[in-house]
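Read the numbers this way: they start at 1 and go in the same order the structure lists the ligands and their atoms.
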Amino acid sequence: MLGGSSRCCAGQQRTPGSDPPAMSSIAAVGESYQKFNPRAYLQNNYMPPRANFSSEDCVVPWKLRCLADAFATGDIHGRTLIDIGSGPTIYQLLSACDHFEEIIATDYLEVNREVLRRWVQDEPDSFDWSPYIKHVCRIEGKGEQWKEKEQKLRGKLRQILPIDVHQPEPLGSQFCQPADALVSTFCLEAVSPDRPSFERALHNVTTLLQPRGHFLLIGALEETFYLAGEAKLSVVPVSEPDVREALSKTGYHIHDFRTYLMPPGLKIGVDDVSGVFFVHAQKAAVA
Ligand code: SAH
Ligand code: ADE
């Protein structure tokens, strides 16, 4: 597994029951992810009350709407799409799957890659994404049956790869298949100890994208932590201007930027997020 305990910072103290140590380095972030519990994470973010499909004002339908609208423009298509830091989730790929021949999911943790492989293979006890798939079929309005979309995504998710966004070559030096588009949701700010490392991570993943390629980025606004079972993950707080600046510095043109304010009813103690941003950006033609 990438980021095993040998990566722990020298001299780092951990008192049982206390808060995790200050995230002073990328190695410490990697260490904190070793306790990430995919089931708890899914429960916290992808079940009610955050996943409430009866209201488009709820955060999960808002995210699905942003992605559906971006793909409905018809501008984002090609052979390969890479999802950066997929985690144990596939919702972020549901609108993408009609527009690409192949989708590559990636994550730092083997436990998350295993959750994804099990979903692709339709193993028992996989998370039930059917309400998400039905909702996306509904909002896309193409009359597609949800089972058809589910099969299509399973068929296109042929690679689930290890990744480390802090490496200059996040998928390793063997990977040389630049993508036509990238998606990344709740990853870059959640794995970066500070703004410079957030910006470097953005730069690193941008090397995986073709010039003029599209990037759909969703993330947490002004968040400092989130929970995933026993893991308490530190997050670098970012604002809309921070995200815009990071994208501009990396040579992106911003086509769409939307923000969602987290309503009090969805502040449920699993994080301290203020809101969510969605960006559709396009990489410059020349670096
Ligand atoms: N995309 C999912 C999961 C986001 S949680 C969603 O929308 O919910 C953040 C993810 O980043 C976790 O799955 C974690 O394993 C992954 N991660 C942690 N360190 C990373 C690193 N250095 N590079 C890439 N991904 C990392
Ligand atoms: N949804 C998924 N991950 C999240 C996070 N870190 N904060 C808020 N909402 C999320």
Could you say whether the N/O atoms of [X] and ligand 1 ever approach to under 3.5 Å?
| X | result |
| --- | --- |
| Gly85 | yes |
| Val165 | yes |
| Tyr41 | yes |
| Tyr33 | no |

Which side-chain N or O atoms in residues 175-185 pair as donor and acceptor under 3.5 Å with protein atoms at least two apart or in another chain?
{"unit_1": "Gln177", "atom_1": "NE2", "unit_2": "Glu102", "atom_2": "OE1", "d": "3.4"}
{"unit_1": "Asp180", "atom_1": "OD2", "unit_2": "Arg79", "atom_2": "N", "d": "2.8"}
{"unit_1": "Asp180", "atom_1": "OD2", "unit_2": "Thr80", "atom_2": "N", "d": "2.9"}
{"unit_1": "Ser184", "atom_1": "OG", "unit_2": "Ile84", "atom_2": "O", "d": "3.0"}
{"unit_1": "Thr185", "atom_1": "OG1", "unit_2": "Tyr91", "atom_2": "OH", "d": "3.4"}

> Counting only heavy atoms, which portion of Asp164 has something under 4.0 Å from ligand 1: side chain, backbone, both, or neither?
Replying inline: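 The part of Asp164 near ligand 1 is both the backbone and the side chain.
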Tell me whether [X] at atom [atom1] has more than 12 heavy atoms from other residues, nucleotides or ligands lying less than 6.0 Å away.
| X | atom1 | value |
| --- | --- | --- |
| Gln145 | CD | no |
| Gln121 | CD | yes |
| Arg39 | CZ | no |

Which side-chain N or O atoms in residues 206-218 pair as donor and acceptor under 3.5 Å with protein atoms at least two apart or in another chain?
{"unit_1": "Thr206", "atom_1": "OG1", "unit_2": "Leu202", "atom_2": "O", "d": "2.6"}
{"unit_1": "Thr206", "atom_1": "OG1", "unit_2": "Tyr252", "atom_2": "OH", "d": "2.8"}
{"unit_1": "Thr207", "atom_1": "OG1", "unit_2": "Asn204", "atom_2": "O", "d": "2.6"}
{"unit_1": "His214", "atom_1": "ND1", "unit_2": "His280", "atom_2": "NE2", "d": "2.8"}
{"unit_1": "His214", "atom_1": "NE2", "unit_2": "Asp75", "atom_2": "O", "d": "3.2"}

[atom] [closest protein heavy-atom partner, distance rounded to 0.1 Å]:
| atom | result |
| --- | --- |
| atom 2 (C) of ligand 1 | Ser86 O, 3.1 Å |
| atom 9 (C) of ligand 1 | Phe186 O, 3.4 Å |
| atom 4 (C) of ligand 2 | Phe186 CD2, 3.4 Å |
| atom 20 (C) of ligand 1 | Tyr108 CB, 3.4 Å |
| atom 7 (N) of ligand 2 | Glu223 OE2, 2.6 Å |
| atom 12 (C) of ligand 1 | Asp107 OD1, 3.6 Å |

What atoms of ligand 1 come within less than 4.0 Å of a heavy atom belonging to [X]?
| X | result |
| --- | --- |
| Tyr226 | 5 (S), 9 (C) |
| Val191 | 11 (O), 17 (N), 18 (C), 19 (N), 20 (C), 26 (C) |
| His166 | 22 (N) |
| Cys187 | 11 (O), 25 (N) |
| Tyr46 | 6 (C), 7 (O), 8 (O) |

> Under a 4.0 Å heavy-atom limit, does Tyr260 contact ligand 2 with its side chain, its backbone, both, or neither?
Replying inline: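 It is neither; nothing of Tyr260 touches ligand 2.
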> Tyr226 to ligand 2: N or O pair under 3.5 Å?
Replying inline: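 So ligand 2 has no N or O lying under 3.5 Å from an N or O of Tyr226.
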> According to the interplanar angle, ranging from 0 to 90°, do the rings of Tyr226 and Phe36 count as parallel (below 30°), tilted (30 to 60°) or perpendicular (above 60°)?
Replying inline: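 Tyr226 vs Phe36 ring planes: perpendicular.
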>> Can you classify the ring geometry of Tyr132 versus Phe53 as parallel (below 30°), tilted (30 to 60°) or perpendicular (above 60°)?
In response: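 The arrangement is perpendicular - the two ring planes meet at more than 60°.
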>> Going by the closest heavy atom to atom 1 (N) of ligand 2, which one wins out of Leu42, Thr185, Asn45?
In response: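 Considering heavy atoms of Leu42, Thr185, Asn45, the nearest to atom 1 (N) of ligand 2 sits in Asn45.
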>> Under a 4.0 angstrom heavy-atom cut-off, which atoms of ligand 2 come close to Tyr41?
In response: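 Those atoms are 2 (C), 3 (N).
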> Considering only heavy atoms of Arg50, which atoms of ligand 2 have at least one such atom less than 4.0 Å away?
Replying inline: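 Taking each heavy atom of Arg50 in turn, ligand 2 has 8 (C), 9 (N) under 4.0 Å.
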Report yes if some heavy atom in the side chain of [X] is under 4.5 Å from a heavy atom in the side chain of [Y]; otherwise report no.
| X | Y | value |
| --- | --- | --- |
| Phe127 | Arg118 | no |
| Phe71 | His77 | no |
| Phe257 | Val243 | yes |

>> Taking the basic N atoms (NZ, or NE/NH1/NH2) and the acidic carboxylate oxygens, is any pair closer than 4.0 Å for Glu110 and Arg117?
In response: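 Counted as a salt bridge, because a side-chain N and a carboxylate O are separated by less than 4.0 Å.
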>> Between Arg138 and His135, is there a side-chain donor-acceptor contact under 3.5 Å, judged purely by atom types and distance?
In response: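 On atom types as modelled, these side chains qualify, holding a pair under 3.5 Å.
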> Can Ser95 and Glu140 be counted as having a side-chain donor-acceptor contact under 3.5 angstrom?
Replying inline: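 Judged by distance alone, the side chains do pair up.
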